[in-house]
Amino acid sequence: MKSKIKVKNKRGIPFESRILISALMILLQIAVFFMMMYSLSTKLLWIYSFIEFLSMILAVYIINSHTNPSYKLPWTTFILIAPLVGVPAYLFWGGGRVFPPFRRKMKKSEAHYLKYLPESDDILAKLEYEDIHHSKQAHFLKTESGFPLYANTSAEYLSPGEVFLPRLLEELEGAREFIFIEFFILAEGKMWSQIYEILRRKAAQGVEVKVIFDDFGSIKRQHKGFVNRLRRNGISVAIFNKIRPSIDMFMNNRNHRKIVIIDGHTAFTGGINIADEYINHIERFGYWMDCGIMLKGDAVLSFTVMFMSMWTFTTGQVLNGDRYAKRIPQPHDGFVLPYCDSPLNDRDPAEGIYMQMISSAQRYIYITTPYLIINNSMIDALCLAAKSGIDVRIVTPKIGDKGYVHPVTQQNYEPLLAAGVRIYEYTPGFIHSKIFVSDDHTATIGTVNMDYRSFYTHFECGAWLCSNNAIIDIKSHLNSILEKSEEIKLEKWRKRPILQKLKQHILHLFAPLL
């Protein structure tokens, strides 16, 4: 029988201590602020008037800033409606800002390892010669992400999680030198137990094992003493951006990446985290559909550089890149360009490659995404493609994982449907895959959701494929997903209940803040 998730510590108490303490400390800081305001009650009117004035100045600043237009409206509305809360919230978390020291720290971390990437543009020139049309996507990604295009790389599409896990375990068993693991969610359970058993044995055999996980994504999914147990077994652990009693801006920036690297010759990425719902051992939101991809060959080097940079950024430890930065070529199978996205720079490769693929499609573009929370520019691009005769299809979940997010996804249906975009909801449950595939020729798989957080506030990664055999497997699997999904029809959608429409409209207004 499938069990519900309820992580407990050794005494049977739900393990939420750190997050609870951090939340209470943040609330205490906010309470102190309001107590100070109350203690100055005789001057409260003047203080409130000043904040009102400040809110108007801030609203003018936001409207005239160069940030995404879809991001300006919710913040402006929030600040003007509730200035006492909105002004401090924007100053701490708004605008996509992070403290300059974090930017400098990441830039310094990357500088240790970017030198290992190939500098030659020979592969890109080869793609331009063979396919000038799709080479523009590669040129954009190389320019915007800083990572090169590779040949001599094979790709294997793996979906769902029950297919992904055995291949991952098989490759981990073959490790001889090092294993790097980086995930947003690392939850104890059946999936982790099988992985951990191999990691423990490999560490005992002298294989170097390093693990990074995001504290926010994993904090309620591990037993007490989890990290210490790993370290006692010779596994190095780095916890990204620990939850702490602070309301600083960087707490909003999470490491959403999923990467496994083995001996520099094999890499995995995709939407699959380490948690039992991802392999459908437990049920959450119906059947969990997800995917990953395994790369072998030269392109693995870019994922190795990504991991080493994140390790140094998180721990301060500089790794010996000469030991890990390898190129172990495989027979040529098209082209692969791994990429990552970061809130610590002003580049935008993740959203940009999605826009590139939409605008470059000649016959079709199929998309799967758990969230469809997109700005007007991407809505316009999808509508323009559909109106131009391109077969545009989008698959979203039938069962949402977040009650406040799924209505916002659905709010975007109507303008897309009206333009001819075909939208499907995956009826067996929740689809977490993040896939773009176009014209049997290009595809991208990774961790990037179609929402503001993935595009602007989280650390993300993916792999772009061109003329690779895995693309046909991706399309074939997408066709099978479409067969299990319900197509949303415009006329029927317009007749949905008025309360549902009202909820969607209200939540949509504040979508970038969710």
Side-chain angles (χ1 to χ4, degrees), residues 1-9 14-15 156-175 179-203 207 209-227 229-231 233 235-240 254-262 266-294 303 307 370 397 401 428-434 445-447 461:
M1 180 180 293
K2 295 181 178 179
S3 58
K4 294 183 178 179
I5 294 176
K6 189 173 183 181
V7 178
K8 299 182 178 181
N9 63 21
F15 183 63
E156 182 179 347
Y157 175 68
L158 302 168
S159 182
E162 302 92 293
V163 174
F164 176 90
L165 180 59
R167 293 294 285 123
L168 174 62
L169 297 176
E170 180 183 348
E171 294 296 327
L172 289 173
E173 286 284 9
I179 298 170
F180 292 161
I181 292 177
E182 180 179 344
F183 281 90
F184 175 61
I185 298 174
L186 200 167
E188 292 194 83
K190 180 179 179 180
M191 185 177 183
W192 169 246
S193 294
Q194 294 178 70
I195 294 171
Y196 174 60
E197 174 58 26
I198 297 174
L199 299 183
R200 184 187 61 78
R201 283 192 285 103
K202 290 297 176 181
V207 175
V209 181
K210 295 187 181 299
V211 175
I212 303 173
F213 63 83
D214 185 273
D215 200 27
F216 184 83
S218 308
I219 191 169
K220 295 194 295 181
R221 308 293 298 272
Q222 298 167 354
H223 293 80
K224 185 178 180 180
F226 174 80
V227 172
R229 185 164 61 254
L230 265 62
R231 288 172 175 162
N233 282 280
I235 298 171
S236 300
V237 183
I239 306 172
F240 180 86
R254 310 313 314 181
N255 184 356
H256 195 243
R257 306 190 323 191
K258 294 94 178 170
I259 299 173
V260 178
I261 303 156
I262 301 161
T266 301
F268 293 83
T269 193
I272 299 172
N273 280 295
I274 299 178
D276 284 351
E277 62 268 30
Y278 288 84
I279 59 170
N280 288 290
H281 178 62
I282 60 174
E283 183 176 312
R284 295 189 73 196
F285 320 112
Y287 185 83
W288 193 289
M289 175 57 69
D290 216 323
C291 74
I293 193 165
M294 179 176 69
F303 281 110
F307 180 92
D401 66 331
F430 185 68
I431 186 164
H432 191 252
S433 306
K434 307 99 166 47
I445 294 178
T447 68
C461 67

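Hydrogens, waters and symmetry mates are skipped; everything else that's a heavy atom, side chains included, is used. Since the model is a prediction, treat every value here as computed from it, not as a measurement.
With sequence neighbours excluded, no residue forms a ring pair (Phe, Tyr, Trp, His ring centres under 6.0 Å) with F183. Partners of F180 according to the ring pair (Phe, Tyr, Trp, His ring centres under 6.0 Å) rule, which considers only residues two or more places apart in sequence or in another chain, are F178, F307, Y324. Every residue was checked against the ring pair (Phe, Tyr, Trp, His ring centres under 6.0 Å) condition with F285, not counting sequence neighbours, and none meets it. With sequence neighbours left out, the salt bridge (Lys or Arg N to Asp or Glu O under 4.0 Å) criterion links E162 to no other residue. Listed by chain and residue number, L158, P160 satisfy the side-chain contact (heavy atoms from CB on, under 4.5 Å) test with V163 (two or more places apart in sequence, or in another chain). In this structure D290 satisfies the salt bridge (Lys or Arg N to Asp or Glu O under 4.0 Å) test with no other residue, sequence neighbours excluded.
Looking only at side-chain heavy atoms (C-beta outward), E277 and F430 stay at 4.5 Å or farther from each other. With contacts defined as side-chain heavy-atom distances shorter than 4.5 Å, the pair I195/L165 qualifies. No side-chain heavy atom of P370 sits less than 4.5 Å from a side-chain heavy atom of D401. Contact annotation: the side chain of R229 approaches that of Y196 to within less than 4.5 Å [non-hydrogen atoms, C-beta and beyond].
When atom types are taken as modelled, the side chain of T269 and the backbone of G446 share no donor-acceptor pair closer than 3.5 angstrom. Formation of a donor-acceptor pair under 3.5 Å by the R231 side chain with backbone atoms of V237 is found in this model. A donor-acceptor contact shorter than 3.5 Å links the side chain of D214 to the backbone of F216. A donor-acceptor pair under 3.5 Å is formed between the side chain of Q222 and the backbone N or O of L186. Between the side chain of D276 and the backbone N or O of H281, no donor-acceptor pair lies under 3.5 Å. Between the K258 side chain and the F184 main chain, no donor and acceptor come within less than 3.5 Å of each other. In this structure, E188 contributes its side chain and H223 its backbone to a donor-acceptor pair below 3.5 Å.
Taken to the nearest 0.5 Å, the OG1 atom of T266 stands 4.5 Å off from the CD atom of E171. Taking CZ of F268 as the start and CD1 of I181 as the end, the distance is 10.5 Å to the nearest 0.5 Å. Annotation: the span from R254 atom CZ to F240 atom CZ amounts to 6.5 Å, rounded to 0.5 Å. Distance CG/N255 to OG/S218: 9.5 Å, rounded to 0.5 Å. Here the CD1 atom belonging to I212 is positioned 10.5 Å from the OG atom belonging to S236, to the nearest 0.5 angstrom. Distance check: I261 CD1 to K210 NZ gives 12.5 Å after rounding to the nearest 0.5 Å.
Of all heavy-atom pairs spanning I274 and M191, the tightest one is CA-SD, 3.8 Å. In this structure, K434 and T447 approach most closely via the heavy-atom pair CE-O, 3.5 Å. In terms of heavy-atom proximity, G161 sits nearest to I272 at CA-CD1, 3.8 Å. Contact detail for G217 and I185: the closest heavy-atom pair is O-CG1, 3.4 Å.
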Q) Does the side chain to side chain contact (heavy atoms under 4.5 Å, CB included) test come out yes or no for K202 and L172, once each step is laid out? A) CA-CA 9 Å; K202 290 297 176 181; L172 289 173; over 6 Å; no
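Using a 30° and 60° split on the angle between ring planes, W288 and H432 fall in the tilted class, from 30° to 60°.
Among the candidates V227, L199, V207, the single residue satisfying the side-chain contact (heavy atoms from CB on, under 4.5 Å) test with I235 is L199. W192 pairs in a ring pair (Phe, Tyr, Trp, His ring centres under 6.0 Å) with only one of the listed residues (F226, Y278, F213), which is F226.
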